[in-house]
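See structure below.
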Number of protein chains: 2
Amino acid sequence: MHQLLSKNPTTTVDVLRSVGLRATEQRIAVYDILIKKKCALSIPNILSLSPVDMNESTAYRIIEQFVEKELVRKMYFQTGKTFFEIMSDHHHHHIVCTQCHDVEPVSACVLGKNIQSVTRGSHKFSTIADHMLEFFGTCKTCTRKK
Amino acid sequence: MHQLLSKNPTTTVDVLRSVGLRATEQRIAVYDILIKKKCALSIPNILSLSPVDMNESTAYRIIEQFVEKELVRKMYFQTGKTFFEIMSDHHHHHIVCTQCHDVEPVSACVLGKNIQSVTRGSHKFSTIADHMLEFFGTCKTCTRKK
DNA sequence: AATATAGTTGCAAGTAATTTGCAAGTATGC
DNA sequence: GCATACTTGCAAATTACTTGCAACTATATT
């Protein structure tokens, strides 16, 4: 956490206050875990990584507030499990290896202008607010193993 | 169902038996609903559409068997709800209402040739085997309600 | 720094979705 | 038609998540 703070004048406490949340130790812990890991984590993951004692329902409440405040993105992968990832200002997707479940981010969004064209063929929707795109394949390492 | 059968010599009963499942009225009902609707349905959707009396756990068991036998694809949308869709050779995506979780199929795939370009920026992958794309928005009905 | 108070937490109980055990019912091969 | 292995319905269990509430605490105010 401290390396991060030295690079950036905004502390976790400031981030939390800036979105209107009190800086409790539980919130600081959850936020710092997500910042440090930079990847999608489940509630059990977060609880097991927490240095401070935290009730399960507190973790659920905190993460839900972070989602509302758009600090965190809620994701449901193919397993049906719920994961949470720190929001980055950069829109990106993921390639998931179907063998080892390794995840690589895809920096560019290949959809571009095509998105709104989707609603032209729709009866029920007139606008698209967001989208989620995951790619699947076998990574080079797993391909080599076979 | 019967229009379909006239086009195709394979009946639902034959399909079920061909994968080693007995042709019970519950299995026939679930299969026919999925064939008829051609889109992602939830267990409550299937139960409400069923002409035959069916217990919830029976529907869960049947759908899970269909997934194992690869008659049906299991999908987890970003709403956290589980949906099931008949395996079809026609590639398509979905728009999901973030309010009511209603799902509408999107007939065309807007990705097209852009898919393989994704691997050009990848270190770990050289080919993409598949992808999953979901759109989110508020459907016209839910927009009206607000 | 002490205080007031509105926001937060832990705990226990509640929901919703899905699964499981088991007795009764039924499809299929003989 | 009969045997029996497969299926179903029902009720209870499980899992993931949510809620109500009393006790606690961060923050603004004095």
Side-chain angles (χ1 to χ4, degrees), chain A residues 11-33 40-48 50-69 71-84, chain B residues 11-33 40-69 71-84 96 98-103:
Chain A
T11 63
T12 299
V13 171
D14 290 340
V15 171
L16 294 173
R17 287 184 182 160
S18 75
V19 297
L21 294 172
R22 288 187 180 179
T24 64
E25 35 166 30
Q26 290 84 347
R27 287 202 185 115
I28 294 166
V30 172
Y31 190 82
D32 288 345
I33 290 164
L41 299 173
S42 66
I43 293 291
N45 288 161
I46 292 168
L47 288 170
S48 69
S50 175
V52 315
D53 203 45
M54 188 175 350
N55 189 272
E56 213 184 4
S57 53
T58 301
Y60 278 107
R61 277 191 278 230
I62 287 175
I63 210 81
E64 207 50 59
Q65 291 158 347
F66 285 5
V67 171
E68 277 162 29
K69 302 299 183 179
L71 296 176
V72 159
R73 174 184 298 117
K74 189 174 193 168
M75 323 182 70
Y76 304 91
F77 285 119
Q78 334 77 269
T79 55
K81 306 280 173 194
T82 310
F83 286 80
F84 303 91
Chain B
T11 62
T12 298
V13 171
D14 291 339
V15 171
L16 294 174
R17 287 183 182 161
S18 73
V19 297
L21 294 172
R22 287 189 180 176
T24 65
E25 34 165 31
Q26 290 85 344
R27 287 199 184 118
I28 294 166
V30 171
Y31 190 84
D32 287 345
I33 290 163
L41 298 173
S42 64
I43 294 291
N45 288 161
I46 292 168
L47 288 170
S48 68
L49 291 168
S50 174
V52 316
D53 204 44
M54 189 174 349
N55 189 272
E56 214 184 5
S57 53
T58 302
Y60 278 105
R61 277 191 277 232
I62 287 176
I63 211 82
E64 208 49 57
Q65 291 159 345
F66 285 6
V67 171
E68 276 161 30
K69 302 298 185 182
L71 296 175
V72 159
R73 175 184 297 118
K74 188 173 193 168
M75 325 183 68
Y76 303 91
F77 287 117
Q78 291 304 306
T79 53
K81 305 281 174 190
T82 310
F83 285 79
F84 303 90
V96 185
T98 50
Q99 304 290 305
C100 68
H101 301 150
D102 196 11
V103 175

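Chain letters run A, B, ... following the sequence lines, proteins first, then strands; residues in each count from 1.
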How sharply is the helix from C:dA1-D:dT30 to C:dC30-D:dG1 bent, taking the axes over five pairs at either end and rounding to 10 degrees?
40°
Whole-Å distance between D:dT15 P and A:Ile43 CD1?
17 Å
Is there a donor-acceptor pair closer than 3.5 Å between any side-chain N or O of A:Arg27 and the backbone N or O of A:Arg22?
yes
By salt bridge (charged side-chain N to carboxylate O under 4.0 Å, His left out) - contacts of A:Glu64 (at least two apart):
A:Lys74
Below 4.5 Å, heavy atoms only, C-beta onward: do B:Thr82 and B:Ile43 meet side chain to side chain?
no
Test salt bridge (charged side-chain N to carboxylate O under 4.0 Å, His left out) applied to B:Arg73 - qualifying residues, sequence neighbours left out
B:Glu85
To the nearest 0.5 Å, how far apart are CD1 in B:Ile28 and OG1 in B:Thr12?
7.0 Å
Output the rounded distance in Å from NZ (B:Lys81) to P (D:dA16).
16 Å
Starting from C1' on D:dT7, measure out to CG on B:Asn55 and report it in whole angstrom.
12 Å
Partners passing side chain to side chain contact (heavy atoms under 4.5 Å, CB included) against A:Ser42 (at least two apart in sequence or in another chain):
A:Pro44, A:Asn45, A:Phe83
A:Lys74 atom NZ is separated from D:dT18 atom C1', nearest whole Å, by 11 Å
A:Tyr60 vs D:dT18: side-chain N/O to OP1/OP2 distance below 4.0 Å:
no
Integer-rounded Å distance: D:dA16 P and A:Ile63 CD1
16 Å
Could you give the OH-to-P distance, from B:Tyr76 to D:dA16, as a whole number of Å?
12 Å
Whole Å only: how far is the CG atom of A:Leu47 from the P atom of D:dC17?
11 Å
Between B:Phe84 and A:Glu56, name the one whose nearest nucleotide on DNA chain C is closer to the 5' end.
A:Glu56
Taking for each residue the nucleotide of DNA chain C bearing the nearest heavy atom, is the 5' side occupied by A:Met54 or by B:Glu64?
A:Met54
Listed by chain and number, what are the side chain to side chain contact (heavy atoms under 4.5 Å, CB included) partners of B:Ala29, not counting sequence neighbours?
B:Ser50, B:Pro51, B:Val52, B:Met54
Which value, rounded to the nearest 0.5 Å, describes the distance between B:Ile33 atom CD1 and B:Leu41 atom CG?
8.0 Å
Once side chain to side chain contact (heavy atoms under 4.5 Å, CB included) is applied, do any residues pair with A:Asn55, and if so which ones, sequence neighbours excluded?
A:Ser57, A:Thr58
With sequence neighbours excluded, residues passing ring pair (Phe, Tyr, Trp, His ring centres under 6.0 Å) with B:Tyr60
none
Restricting both atoms to N or O, compile the protein contacts to nucleotides 20-24 of chain D shorter than 3.5 Å, with distance only.
residue, atom, partner, partner atom, Å
D:dG20, O6, A:Arg61, NH1, 3.2

For B:Asp102, the salt bridge (charged side-chain N to carboxylate O under 4.0 Å, His left out) test, sequence neighbours excluded, returns A:Lys124
Leading and trailing nucleotides of DNA chain C with any atom under 4.0 Å from heavy atoms of chain B:
C:dA17 to C:dT28
Partners meeting side-chain hydrogen bond (donor to acceptor under 3.5 Å, both in side chains) with B:Gln26 (sequence neighbours left out):
none
Rounded to the nearest 0.5 Å, what's the gap from CD1 on A:Ile46 to OG on A:Ser48? Could you check?
9.0 Å
Ordered by number, residues from residues 16-24 of chain B within less than 4.0 Å of DNA chain C (heavy atoms) are B:Arg17, B:Arg22, B:Ala23
B:Leu71 side, atom CG; B:Leu16 side, atom CG - distance, nearest 0.5 Å
7.0 Å
